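Data block below; observations after.
Each chain gets a letter, A, B and so on, in the order its sequence line appears, and its residues count up from 1. As the structure is a prediction and not an experimental result, all values here were calculated from the model.
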Amino acid sequence: MAEMATRYAPADFEERLYRQWENSGKFTAKIDSAKKPYTIVIPPPNVTGVLHMGHGLNNTIQDMLIRYHRMRGANVLWLPGTDHAGIATQNVVEKKLAQEGKKRQEIGRERFIEEAWKWKEEHGSTIVKQLRKLGSACDWTRERFTMDEGLSRAVREVFVRLYKKDLVYRGEYIINWCPRCGTALADEEAEHREIPGTFTWIRYPFAESRAGDPDGIVVATTRPETMLGDTAVAVHPQDERYAQFVGRELTLPLCNRTIPILADTMVDREFGTGAVKITPAHDPNDFQTGMRHNLPRVNVMHEDGSMNANAPEKYRGMDRFACRKAVLADLEADGFFIKQEKIQHSVGHCYRCDTIVEPYLSRQWFVRMAPLAEPAIRAAENGDVRFYIERWKKVYLNWMYNIRDWCISRQLWWGHQIPAWYAVSETDGRITEDTPIFAAHSAEEAQAEAIARFGARVVLRQDPDVLDTWFSAWLWPFSTLGWPEETPDLAYFYPTTVLVTDMGIIFFWVARMIMAGYFCMGEAPFRHVYINSTVMDAKGRKMSKSLNNGIDPLDVIREYGADALRFTMLAITPPGQNTLLSMEKFQIGSRFANKIWNASRYILSNVAPETDGLPALPPPARRSFEDRWILSRLQIVVRGIHEEMAEYRLNDAANNLAHFFRDDFCDWYIEFTKQRLYGDDAEQQADARSVLLYVLEASLRLLHPAMPFITEEIYQRIHSDGRSIMDAAYPEFAPELADADAENRMRIVQEIVSGVRNVRAEMRIPPEKALLIQVATDNAEVRDLARAMEKNISAQAKLSELILLPAGSARPKYAASIVGESWEVWVPLEGLIDIDAERARLSKEKLRLEAEMARVQAKLANTGFTANAPEEVIALEREKLASWESRLVRLDAGLRQIKA
RNA sequence: GGGCGAUUAGCUCAGCUGGUUCAGAGCACCUGCCUUACAAGCAGGGGGUCACAGGUUCAAAUCCUGUAUCGCCCACCA
């Protein structure tokens with residue numbers, strides 16, 4: 001057995017072990033119809049991404065699940081990959097070009113896409129390398145990319161299918177437009193934030209003034225520049241302030257356009273002046289209002305946010321914010337400006353570049369979501385897809401019930417170009433509302449369809465836009481397994497088992513994957529959805545680049561090791577709640593890892609060479625009570641872990657493992673074995689060694705899913721034949737080792753030992769002083785136990801003697817006095833004496849409960865009551881009775897245990 | 001505006017279906033110890049009306065109602 005370094009130094013072995021695992025093919029899944037598959041697809045990180053703590057947590061959880069189920073005999077596949085991240089990647093490549101003094105528009109689409117691929121080849125694997133540092137047991141042979149050949153084919157296939165079922169359509173609507181990125185955004189991609197703004201009151205004069213008129217109608221807006229696109233003013237139909245003006249016309253200042261006053265219930269009478277300017281081309285509400293009243297739509301902006309030819313000449317070309325100032329100045333000069341107020345209002349920001357988005361009228365592609373949502377709603381309602389924790393189901397359903405159509409076109413170059421071809425007019429090549437469209441897998445296929453329809457070849461032009469990144473991501477669980485091909489992987493590994501992801505993308509991704517799963521595969525893509533905790537900084541703020549409050553997982557790994565990172569994250573992140581993280585927290589994991597290292601070092605330094613290999617336990621008859629105790633504790637922990645893992649309570653599992661290893665195994669059991677190990681009974685020595693090694697080895701296997709590196713490193717030192725802990729079986733509950741008697745005895749011993757230590761500390765008795773210990777008990781068994789444990793009870797004393805006194809001898813709680821050269825210590829053994837009181841308490845409660853039950857039973861037996869009382873009252877009484885029943889069972893169990 | 005959470009020790013949080021782990025853990029703090037695995041350690045200790053007010057119950061940190069404060073998500077407040 002190789003010597004273990006005195007210091008826990010994860011850097012010495014983590015990378016080596018990962019290479020060992022990967023090179024020996026342990027991560028590679030092989031189809032085996034005799035075994036049950038267990039599949040997880042990774043939430044594909046952006047190719048542009050670098051590992052952050054969210055990934056750290058998310059992937060640790062997935063890895064723990066994968067390793068756990070692998071050790072339990074499942075045929076696991078953890079399928080990794082990356083997302084092409086349309087806007088993010090395009091931005092990165094544009095930035096790179098800018099450094100070379102080039103612009104995307106100058107080099108053209110084809111060259112730009114080449115550049116993007118080049119960038120992807122050079123830098124796109126950063127995050128994938130970083131995932132390896134975490135220890136992620138991904139099957140890298142199956143790594144996918146959302147724009148690789150197969151996935152692109154899946155994207156086209158779905159688009160065509162949706163199109164043929166009329167579930168995808170093109171239409172002119174108000175969408176969120178990012179003027180900086182020059183593209184449409186989905187509703188979910190526009191992040192609304194409260195920011196301070198200015199609310200401007202503007203007077204619109206009547207087109208023809210009549211006697212008694214006020215000098216116009218005052219409207220209020222936060223975006224004055226959009227008035228240039230106003231086509232009406234609306235008031236509430238029941239607003240008597242304005243009723244007389246409905247149907248009249250106003251002159252739009254600065255534009256000299258005449259616009260009507262109309263009545264519409266969308267207006268909130270309480271807000272602003274109660275009169276609203278209507279700008280159908282620049283506001284979603286106004287767009288709807290405009291549809292209802294058949295108003296023209298005047299789009300006054302270019303795609304970059306500058307004013308276009310529909311604005312009066314002097315504003316053309318101005319940026320929207322510059323124009324806002326100019327408009328205000330002109331309104332003031334012309335006497336239309338009334339006043340301004342500061343207000344807080346919610347404004348959409350581009351989720352990629354944080355630019356304020358412009359509600360913008362444009363022609364885009366949409367997916368009709370309601371029909372797709374139906375089976376996905378049912379899946380959550382009937383439990384085909386289960387959320388952990390269940391609260392997320394509500395969040396999911398709430399969104400699904402109110403689902404809106406999904407804008408899927410993006411005015412970008414990097415992504416899947418929309419597989420739709422327009423039969424353009426041969427003369428000018430323009431695309432209009434009426435241009436025939438062919439959705440197809442290729443230009444040839446589109447042409448073939450066109451020929452079928454028109455009887456001749458036509459000029460086809462592919463839609464220049466690309467699809468939303470999520471349009472490929474929503475297919476991820478099956479496209480990565482080969483769909484639309486009927487591959488063996490797809491047949492075997494689909495549907496996947498669990499999806500582990502963040503709360504932030506339930507709508508973006510999880511919901512859509514479930515919909516796509518039903519649409520394409522006819523079933524849910526996963527059975528469980530585990531939403532991991534959101535990692536915040538120590539002050540509860542989101543970790544972000546701008547705040548610079550992030551903690552880099554790689555820094556943590558460098559300082560403490562991957563196992564410390566993993567264990568810490570597992571232990572401190574509760575499911576369903578945010579986690580406040582700071583660098584100090586990683587001491588939780590690093591101290592624990594250090595503990596494991598040192599305990600192992602101690603045990604292995606005491607194990608004789610011939611016991612190398614699988615530890616065999618001493619025969620049951622020879623096991624001491626502390627042997628039986630630690631083996632029993634081990635079983636209880638094992639049983640608990642399986643329960644917790646089944647419920648995705650990984651934090652509980654991690655904490656219970658640490659508690660067992662540190663408190664039970666190290667602080668009590670290992671300390672106890674020193675007496676035997678350094679004694680002269682050879683058999684005792686051997687027995688202690690085997691139990692030590694047995695429990696250590698089992699603990700390593702228990703811990704491996706959480707801390708793969710350190711457990712493997714030590715495991716390979718226990719087993720010198722080079723076998724890997726990854727191939728070992730996960731410990732299962734062994735009822736024959738559970739031992740209530742040993743646990744009870746140990747409680748007594750712990751009581752005595754703690755009592756002695758307590759006295760020693762409280763009374764400031766120096767460690768070198770011997771103790772004379774008096775234990776009050778009239779229990780013969782306890783007496784024997786105490787005598788047997790004398791050396792341990794002495795708790796670091798050089799010499800000790802036990803005096804057992806009858807229980808109930810009147811003495812203060814703790815007492816000590818010098819008797820000759822030694823100290824005499826009095827330990828009252830409170831816990832033991834309390835057993836009588838406890839028994840009395842439980843018995844009393846039982847009597848009370850039984851009386852209550854008798855009363856209710858009598859009530860229920862009374863026909864007068866059952867005939868007349870309302871149904872629910874009777875049900876309630878029955879319910880009470882049932883809960884008492886179970887309480888009684890527990891009481892009895894408690895009483896029985898006390899007797900034992 | 002709608003929805004969902006949270007409020008327990010100085011800090012971060014456990015406490016699942018009311019009653020044996022019922023007032024807990026870790027960190028911080030205080031005391032003692034470099035005890036032949038570990039000072040990245042060990043042993044011991046102090047510290048809480050379980051946000052507030054009502055209610056249900058034989059019994060409430062736990063269930064119900066209301067209040068307050070904080071947080072998150074969704075939504076078209078011009």
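Between A:Arg7 and the phosphate of B:rC38, there is no side-chain N or O to OP1/OP2 separation shorter than 4.0 Å. Between A:Lys674 and B:rA37 there is a side-chain N or O to OP1 or OP2 distance below 4.0 Å. Close to B:rA14, at under 4.0 Å from its OP1 or OP2, lies no side-chain N or O of A:Arg649. Between A:Lys595 and the phosphate of B:rC42, there is a side-chain N or O to OP1/OP2 separation shorter than 4.0 Å.
A salt bridge links A:Asp264 with A:Arg292; the closest basic N to acidic carboxylate O contact falls under 4.0 Å. By the 4.0 Å N-to-carboxylate-O rule, A:Lys277 lies too far from A:Asp286 to be salt-bridged with it. Comment: A:Arg223 does not engage A:Glu225 in a salt bridge, judged by the lack of any side-chain N to carboxylate O separation of less than 4.0 angstrom.
Relative to the side chain of A:Thr221, the nucleotides B:rA78, B:rA14, B:rA43 differ in distance, and B:rA78 lies closest. Here the side chain of A:Tyr602 is nearest to one of B:rA78, B:rC38, B:rA37, namely B:rA37. For A:Lys394, taking side-chain heavy atoms from C-beta onward, the closest of the listed nucleotides B:rC38, B:rG41, B:rG5 is B:rG5. Comparing B:rC72, B:rC38, B:rA37 by their closest approach to the side chain of A:Met503 singles out B:rC72. In the set B:rC76, B:rU12, B:rA78, the nucleotide with an atom closest to the side chain of A:Thr222 is B:rA78. Comparing atom distances between the A:Phe507 side chain and each of B:rC74, B:rC42, B:rC76 picks out B:rC74 as nearest. Taking every side-chain heavy atom of A:Val276 into account, B:rA78 is the closest of B:rC42, B:rA40, B:rA78. Checking B:rA37, B:rU12, B:rC4 against the side-chain heavy atoms of A:Lys585 singles out B:rU12 as nearest. Here the side chain of A:Gln577 is nearest to one of B:rA14, B:rC42, B:rA40, namely B:rA14. The side chain of A:Arg391 approaches B:rC4 more closely than any other nucleotide in the set B:rC4, B:rC38, B:rU12.
With both ends at atom C1', the span from B:rA61 to B:rC13 equals 14 Å, rounded to whole Å. Across B:rC50 and B:rA9, the matching C1' atoms stand 10 Å from one another, rounded to whole Å. Comparing B:rU17 with B:rC42, their P atoms sit 34 Å apart, to the nearest whole Å. The C1' atoms of B:rC4 and B:rU49 are separated by 29 Å, rounded to the nearest whole Å. A gap of 16 Å separates the P atoms of B:rC72 and B:rU12, to the nearest Å. Taking atom C1' in both B:rG41 and B:rU35, one finds a spacing of 11 Å when rounded to whole Å. Rounded to the nearest Å, the gap between the P atom of B:rG44 and that of B:rA51 is 30 Å.
Note that CH2 of A:Trp597 and CG of A:Asp563 are 10.5 Å apart. Values are rounded to the nearest 0.5 Å.
Note: CZ (A:Phe592) to P (B:rG41) measures 13 Å, nearest angstrom. Rounded to a whole Å, the CE atom of A:Met536 is 12 Å from the C1' atom of B:rC70. As a whole-Å value, the separation of A:Arg591 CZ from B:rC38 P is 17 Å. With rounding to whole Å, A:Met400 atom CE is found 19 Å from B:rG2 atom C1'. Between A:Trp597 atom CH2 and B:rA40 atom P the separation is 17 Å, expressed in whole Å.
Figure legend: A:Lys674 and A:Tyr602 shown as a cation-pi pair, the cationic atom lying under 6.0 angstrom from the six-membered ring centre and within 45 degrees of its axis.
Sequence order on RNA chain B of the closest nucleotides to A:Arg601 and A:Asp667 puts A:Arg601 first from the 5' end.
A syn base is found at B:rU20: its glycosidic angle is within 90° of 0.
Among the heavy atoms of the strands, none lies under 4.0 Å from A:Asn655. Among the atoms of the strands shown, only primed sugar atoms or phosphate atoms (P, OP1, OP2) are found under 4.0 Å from some heavy atom of A:Tyr678.
A side-chain donor from one of A:Asp230 and A:Thr279 sits under 3.5 Å from a side-chain acceptor of the other.
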